[in-house]
Chemist: 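The structure is given below, and queries will be raised subsequently.
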Protein chains: 2
Amino acid sequence: MYNMDKLYEAVEAKGHVCVGLDTAIDYIPEKERLRASSEAEAVLAYNRAVIDATLDAAACYKVQIACYEELGLAGLNAYAQTLKYLRGKGALIIADIKRGDIADTARRYARAHFQGDFEADFVTISPYMGMDSVEPWLDWADKNGKGAFVLMRTSNKGMKDFEYLELKDDAASVQRGQGSRRLYDAVGDKLSALAEQRKGRYGYGAFGAVVGCTEQDEAAAIRARRANLFFLIPGYGAQGGGAEDAALLLRQGNGGVVNASRSILMAWSAAGLPTGGADNAFAAQAARKAAVEMRDAIRTAAAKR
Amino acid sequence: MYNMDKLYEAVEAKGHVCVGLDTAIDYIPEKERLRASSEAEAVLAYNRAVIDATLDAAACYKVQIACYEELGLAGLNAYAQTLKYLRGKGALIIADIKRGDIADTARRYARAHFQGDFEADFVTISPYMGMDSVEPWLDWADKNGKGAFVLMRTSNKGMKDFEYLELKDDAASVQRGQGSRRLYDAVGDKLSALAEQRKGRYGYGAFGAVVGCTEQDEAAAIRARRANLFFLIPGYGAQGGGAEDAALLLRQGNGGVVNASRSILMAWSAAGLPTGGADNAFAAQAARKAAVEMRDAIRTAAAKR
């Protein structure tokens, strides 16, 4: 059984929310920052509180390693401890590492993030250098079900610089009546072919794609053409996308998880502060409320389609 | 003064060799592996020996972080210690991390790798998500001279999958008589423009590009069109490129460093083994000899052009 199958089942049971643990130090209530022995300790304690409060409202957790690398070795220790804590709770973990390197190096990265201190269930991968930077990770799908989301069509402004560029039409694509492809279509075509080779019990490949909230027509077209790709969908909440936008990238009510980081981690700052200021318990309850509301909003939007 | 200017001067003084510290555990003589208290310790001790032996024959060192991430927290400690050792020797360091993420996340990665435990002089960056994943790093060029090499045209087989795809001609490019661009040309165009904005004293921008050894005509064309980009050139030695191939990507005898990893780190295995087997001192001398021969071969090839 692939981890992607487990993720499908988690979505069925708990909804589409992926809690993004992009825990910046200034997301944490001041009281807790002062109490902690170090920034890394404060981050870890905050993560534990948020995880405990959101377990039944989240399909999975995405941990953005940059937030931990930023704090050096102590930060990476907090990263390892966060993953360990999530594993102990039986939660599915996406390591948002966006690694992308070839052959031997990709194999090393896979060993780094699919076992040992930094073991996760899924990683994110950057495809720029080509499929030899993606394929070595796939051995782990066969071996122990590990999965990945490869960057395809992201929702940042700079997406237009390269991902969105139109390619010179190849005859085959014109024959299929698809017109000219964009770079992200070329990536998608390769990923669809990979997914076909390692297809799980719910019709999705062991490896999926990162596809951000975007224009309605484009989102619908992407979803229609990529039936066998499970999507990791960023751009919700603080980045501007809403439940309706995210729902366009789902398929029969599943087929994707929707990441929100700041809107969950910082929900406490928008709530009426308690006497004595916010602490982790207060912040965790606000995070829970935000995750539940997001879950329900996406379920409602998905049901309408 | 940008670090890229320092690298230019290092090439003038010491030649074009970039020693790649992709130190896999099986590159290290067995005797030393058994002697060390851990794999990470063995890697660090090996690095120190190789660094000491190659300092005057190398323009810089490239440290492939995947080799260290693979060993978990202990490995990243060895990574940090390797960088610290190099800094102590005054060597220029390229952190081969190929990070690529947007906005806030890119700023976090920059703080992770341009200061603190993992401080390096240069990083490598993957451009897939667009220029908003590159530009945040540039603040550090203004602040303290830091530099980067952005993946442009690599030398791996999978390069053909995306980097090499032809783009639909835009009118401007056709007018300039350049015909249709490939994806890597689009990346190069953006990088050339960036380099023009932050140009150092030798005509090269603070940020350069990763360009691998390739066909002669293509290499000459890339070099001609990218006069203001300093190149990090992989693919030498074990990956098949030779001194003549590398020289095609140089410009007036400078403008690039050429990375070799395995052919330097593993040079000892091709030498006649001493009685009692190889140790780090023996391996380091073999590494030195390989680096010096490589330096001389590239200088000779560059002088012929």
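Residue numbers begin at 1 in each chain, while the letters A, B, ... track the order of the sequences. Any value given below was found using the heavy atoms of this structure, including those in side chains, with hydrogens, waters and symmetry copies removed.
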Chemist: What residue, out of A:His113, A:Arg107, A:Arg153, has the most heavy-atom pairs lying under 4.5 Å from chain B?
Modeler: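 The answer is A:His113.
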Chemist: Name the region of A:Thr105, side chain, backbone, both or neither, that has any atom closer than 4.5 Å to a heavy atom of chain B.
Modeler: both
Chemist: Can we say A:Arg99 and A:Asp101 salt-bridge, meaning some charged N sits less than 4.0 Å from an Asp/Glu carboxylate O?
Modeler: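 No.
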Chemist: Is chain A contacted by the side chain of B:Ala103, its backbone, both, or neither, given a heavy-atom distance below 4.5 Å?
Modeler: neither
Chemist: Which one wins on heavy-atom pair count under 4.5 Å against chain B: A:Arg111, A:Met129, A:Glu119?
Modeler: A:Met129
Chemist: Any salt bridge between A:Asp185 and A:Arg225, counting N to O under 4.0 Å?
Modeler: yes
Chemist: Distance from B:Cys60 atom SG to B:Asn259 atom CG, nearest 0.5 Å?
Modeler: 8.0 Å
Chemist: Pick from A:Gly100, A:Ser133, A:Pro127: which one has the most heavy-atom pairs with chain B under 4.5 Å?
Modeler: A:Pro127
Chemist: Is it true that A:Tyr68 and A:Tyr79 have ring centroids separated by less than 6.0 Å?
Modeler: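 Yes - the distance between ring centres of A:Tyr68 and A:Tyr79 falls below the 6.0 Å cut-off.
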Chemist: Quick one: of A:Thr154, A:Asp161, A:Leu73, A:Asp117, who has the most non-hydrogen atom pairs under 4.5 Å with chain B?
Modeler: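 Most heavy-atom pairs under 4.5 Å with chain B: A:Leu73.
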Chemist: Which atoms of A:Ala106 are under 4.5 Å from chain B, going by heavy atoms: the side chain, the backbone, both sets, or neither?
Modeler: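 Neither part.
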Chemist: Using non-hydrogen atoms only, which part of B:Lys190 is less than 4.5 Å away from chain A: side chain, backbone, both, or neither?
Modeler: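 Just the side chain, heavy atoms under 4.5 Å.
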Chemist: With a 6.0 Å cut-off on ring centres, are A:Tyr27 and A:Tyr46 close enough?
Modeler: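 Between A:Tyr27 and A:Tyr46, the centre distance exceeds or equals 6.0 Å.
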Chemist: When you check the side-chain N and O atoms of A:Tyr184 and A:Glu218, is any donor under 3.5 Å from an acceptor?
Modeler: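 Yes, because at least one side-chain N or O of A:Tyr184 sits under 3.5 Å from a partner of the opposite role on A:Glu218.
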Chemist: Could you tell me which portion of B:Ala186 (side chain, backbone, both or neither) has an atom closer than 4.5 angstrom to a non-hydrogen atom of chain A?
Modeler: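 Contact with chain A involves both backbone and side-chain atoms of B:Ala186.
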Chemist: Quick one: of A:Ala66, A:Ala112, A:Gly130, A:Gly72, who has the most non-hydrogen atom pairs under 4.5 Å with chain B?
Modeler: A:Ala66
Chemist: Between A:Asp22 and A:Arg262, does any NZ, NE, NH1 or NH2 come within less than 4.0 Å of an OD or OE carboxylate oxygen?
Modeler: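 Between A:Asp22 and A:Arg262 there is no salt bridge, as every charged N stays at least 4.0 Å from the carboxylate O atoms.
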Chemist: Pick one: which of A:Phe207, A:Tyr109, A:Phe114 meets ring pair (Phe, Tyr, Trp, His ring centres under 6.0 Å) with A:Trp140?
Modeler: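 For A:Trp140, the ring pair (Phe, Tyr, Trp, His ring centres under 6.0 Å) test succeeds with only one of A:Phe207, A:Tyr109, A:Phe114, which is A:Phe114.
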Chemist: Please classify the contact of A:Val134 with chain B as side chain, backbone, both or neither, using a heavy-atom distance under 4.5 Å.
Modeler: neither
Chemist: Is a salt bridge present between A:Lys157 and B:Asp132, judged by a nitrogen-to-oxygen distance below 4.0 Å?
Modeler: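 Salt bridge flag = no for B:Asp132 with A:Lys157.
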Chemist: Quick one: which of B:Val187, B:Leu165, B:Leu76 has the most heavy-atom pairs under 4.5 Å with chain A, could you say?
Modeler: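 Of the options given, most contacts go to B:Val187.
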Chemist: With a 4.5 angstrom heavy-atom cut-off, is it the side chain or the backbone of B:Glu69 that approaches chain A, or both, or neither?
Modeler: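 For B:Glu69, heavy atoms of backbone and side chain both lie under 4.5 Å from chain A.
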Chemist: For the candidates B:Ala24, B:Gly75, B:Gly116, B:Ala80, which exhibits the highest count of non-hydrogen atom pairs separated by less than 4.5 Å from chain A?
Modeler: B:Ala24
Chemist: So how far is it from B:Tyr236 OH to B:Ile264 CD1, rounded to the nearest 0.5 Å?
Modeler: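 Rounded to the nearest 0.5 Å, the OH-CD1 separation comes to 9.0 Å.
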Chemist: Just give me the residue among A:Glu135, A:Arg108, A:Lys98, A:Gln64 that pairs up with chain B most often, heavy atom to heavy atom, under 4.5 Å.
Modeler: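 So the answer, after comparing A:Glu135, A:Arg108, A:Lys98, A:Gln64, is A:Arg108.
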